[in-house]
Amino acid sequence: MSELIEVLTKDGSYSLRSVFFQENFHSLLGALEETKIKFTAPSDLQRFKGKSLDVLDICFGLGYNSASLYNELIKQKSYLNWYALEIDKKPLEYSLRKKAFKKLWAPKVKRIFDSLYQNDCFEDQFFNCKILWGDAREKINVIPADNRFDLIYLDGFSPQKCPQVWTIEFLSKVTQKLNPQGYLITYTSSAAVRKTLRNLGLKIFTIKPNFNSRTSWSQGTVAIAKFDKKKLKSNFNFDKLSVMEEEHLLTKASIPYRDQDLNSCAEDIIRQRLDEQLLSNLLSTKKWREKWGMTKLASKS
Ligand SMILES: C[S@@+](CC[C@H](N)C(=O)[O-])C[C@H]1O[C@@H](n2cnc3c(N)ncnc32)[C@H](O)[C@@H]1O
């Protein structure tokens, strides 16, 4: 599964390309930039200054999202209970070898990564971290049932390449692990994923594009089970969906990925969805794209 090719992205940070999934781990615009804009900024980490939080990182990969999280939490002396799910150890092996990657973070981040690689865990006064190696669909069941997360990062390859981690069945398990006011954060603005999260009862928000991104209309999605306007301070990184994004959810693109027994292969999940799209009376996605002069959806490559 893991033939990996090194990729230098435009912000000078390194990433990988998976030959098996035929996709990059990060946007070519910048691995570090992607992490900061799509995961760290929407996390609103200042809320947890000097306090404790629970985080689940699904599809840990090279570990950019968690390294950036650790970095911020170290500075603000937060207490972290952290789980990660990842099928392949090779990307972490790469991060640990790559000086340019390690230089991006506080020295403690390297100690944590070393320990995750060697012992699958790390513990000190502030952090308690465990990584579970294997298929996320299975390993999510190993997380103690009563563990609820304030932040869940979902960073799988795009739904078309790795539908296994974007199905109704998997997302249902994931969202059950979210604290009522916790944030599920992902880079995808896929209508299928957004519609599934909404159907699972979550409020969904769009991660606003930054000024530099002329081509993309969203940087991803934040889903919150119980969005309380009074309790949750407004977050400048995400907003309610635009009319254009709402209309996207009325098209055939919103037909979900399904994996009834959580063990289907990608091809079967894609085929079943295509069959469902063929029979559907929903609006054509092509028409929606034409109406809004649309560019392609954000994918990793
Ligand atoms: C886009 S990359 C993640 C990038 C990562 N978050 C980072 O910061 O470097 C997707 C990751 O998902 C992992 N993956 C693919 N299928 C998986 C599955 N079924 N369960 C767990 N991990 C999976 C791949 O091995 C890869 O590391």
Side-chain angles (χ1 to χ4, degrees), residues 1-2 4 15-16 18 20-21 23 25-26 34-35 38-40 43 53-70 80-96 109 112-113 115-123 127-159 161-179 182-188 193 196-197 200 220-221 223 257 259 261-266 269 300:
M1 176 177 277
S2 69
L4 302 170
S15 182
L16 294 171
S18 163
F20 181 82
F21 288 99
E23 198 162 69
F25 279 53
H26 295 94
E34 181 176 3
T35 287
K38 301 184 181 175
F39 291 91
T40 315
S43 299
L53 72 159
D54 289 67
V55 179
L56 170 61
D57 182 358
I58 305 176
C59 297
F60 173 83
L62 286 89
Y64 269 94
N65 298 338
S66 284
S68 174
L69 169 90
Y70 295 161
L80 173 67
N81 177 39
W82 176 95
Y83 275 92
L85 305 175
E86 170 57 53
I87 205 166
D88 188 0
K89 237 176 154 170
K90 289 259 167 58
L92 173 56
E93 212 172 281
Y94 169 85
S95 298
L96 283 169
V109 175
I112 302 172
F113 274 35
S115 183
L116 292 175
Y117 186 72
Q118 282 166 33
N119 313 314
D120 308 337
C121 62
F122 171 89
E123 195 173 351
F127 286 10
N128 190 343
C129 306
K130 294 189 188 74
I131 189 159
L132 303 170
W133 299 107
D135 192 327
R137 294 177 292 179
E138 206 184 300
K139 293 296 170 182
I140 196 165
N141 299 316
V142 176
I143 299 172
D146 57 352
N147 210 147
R148 292 285 174 277
F149 295 93
D150 301 297
L151 293 169
I152 299 182
Y153 294 160
L154 181 49
D155 197 12
F157 291 114
S158 63
K161 297 284 167 65
C162 186
Q164 297 92 315
V165 295
W166 305 104
T167 62
I168 301 185
E169 293 76 8
F170 183 64
L171 289 175
S172 160
K173 279 191 177 263
V174 171
T175 53
Q176 281 165 27
K177 300 231 159 276
L178 195 61
N179 254 337
Y183 299 177
L184 168 69
I185 303 179
T186 175
Y187 71 91
T188 188
V193 173
T196 299
L197 291 169
L200 287 167
T221 306
Y257 297 88
D259 179 12
D261 300 317
L262 286 161
N263 59 10
S264 312
C265 63
I269 299 172
K300 291 281 187 183

K.L.:
Can you name the nearest heavy-atom pair linking S15 to Y94, along with the distance?
P.N.:
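Answer, listing the atom of S15 first, then Y94: O-OH, 4.1 Å.
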K.L.:
Answer whether the closest heavy-atom distance between the side chains of L80 and N128 falls below 4.5 Å.
P.N.:
no
K.L.:
For H26 and L62, work out which heavy atoms get closest and say how close.
P.N.:
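Closest approach of H26 to L62: CE1-CD1, 4.1 Å.
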K.L.:
Would you check if D155 and K38 make a side-chain contact, meaning some heavy-atom pair closer than 4.5 Å?
P.N.:
no
K.L.:
For the atom pair CG (D135) and CD1 (I87), what is the distance rounded to the nearest 0.5 Å?
P.N.:
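One gets 4.5 Å once the value is rounded to the nearest 0.5 Å.
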K.L.:
So, do T221 and V193 sit near enough that their side-chain heavy atoms are less than 4.5 Å apart?
P.N.:
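With C-beta onward as the side chain, the pair stays apart.
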K.L.:
Per the side-chain hydrogen bond (donor to acceptor under 3.5 Å, both in side chains) rule, which among D261, D259, N263 passes with R137?
P.N.:
D259
K.L.:
Find the distance between CG (L197) and OG1 (T186) and round it off to the nearest 0.5 Å.
P.N.:
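Separation between the atoms: 8.5 Å.
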K.L.:
About how many Å separate CG of N119 and SG of C129, when rounded to the nearest 0.5 Å?
P.N.:
12.0 Å
K.L.:
As an exercise, state the distance from CG of L132 to CG of L56, rounded to the nearest 0.5 Å.
P.N.:
9.0 Å
K.L.:
Please confirm whether the backbone N or O of G156 pairs with a side-chain atom of Y187, one donor and one acceptor, at under 3.5 Å?
P.N.:
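Flag set: sc Y187 to bb G156 pair under 3.5 Å.
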K.L.:
Just by distance, do the side chain of S43 and the backbone of F39 share a donor-acceptor pair under 3.5 Å?
P.N.:
yes
K.L.:
Hey, does S18 have a side-chain heavy atom less than 4.5 Å from the side chain of L4?
P.N.:
yes
K.L.:
At their closest point, which heavy atom of A67 faces which heavy atom of V109, and how far apart are they?
P.N.:
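The answer is CB-CG1, 3.8 Å.
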K.L.:
I need the I152 CD1 to T175 OG1 distance, nearest 0.5 Å.
P.N.:
8.0 Å
K.L.:
A side-chain contact here means heavy atoms from C-beta on lying under 4.5 Å apart; do Y117 and E93 qualify?
P.N.:
yes
K.L.:
Can a donor-acceptor pair be found between the side chains of S68 and T40 at a distance below 3.5 Å?
P.N.:
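Yes - a donor-acceptor pair under 3.5 Å links their side chains.
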K.L.:
For K161, is there any backbone N or O sitting under 3.5 Å from a side-chain donor or acceptor partner on E23?
P.N.:
no
K.L.:
State whether the side chain of D150 and the backbone N or O of D54 hold a donor-acceptor pair below 3.5 Å, judged by distance alone.
P.N.:
yes
K.L.:
Would you mind telling me which of Y70, Y83, F113 makes a ring-ring contact (aromatic ring centres under 6.0 Å, His included) with F127?
P.N.:
Y70
K.L.:
For D120 and W133, does a side-chain donor sit closer than 3.5 Å to a side-chain acceptor?
P.N.:
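Yes, W133 and D120 have a side-chain donor paired with an acceptor closer than 3.5 Å.
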K.L.:
Counting N and O atoms only, with roles assigned by atom type, does the side chain of T167 sit under 3.5 Å from a partner on the main chain of P163, one being a donor and the other an acceptor?
P.N.:
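No; zero donor-acceptor contacts below 3.5 Å.
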K.L.:
Going from NZ on K130 to CG on N147, what distance comes out if it is rounded to the nearest 0.5 angstrom?
P.N.:
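It comes to 8.5 Å.
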K.L.:
Is the shortest heavy-atom distance from the side chain of K177 to the side chain of I140 under 4.5 Å?
P.N.:
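Contact flag for K177/I140 side chains = yes.
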K.L.:
Within a radius of less than 6.0 Å around NZ of K90, do more than 12 heavy atoms belonging to other residues, nucleotides or ligands occur?
P.N.:
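It does not: K90 NZ has 12 such atoms or fewer within range.
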K.L.:
Between Y153 and S66, do the side chains contain an N or O donor and an N or O acceptor separated by less than 3.5 Å?
P.N.:
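Distance-only check fails for Y153 and S66.
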K.L.:
Is L154 close to W166 at the side-chain level, that is, under 4.5 Å between some pair of heavy atoms?
P.N.:
yes
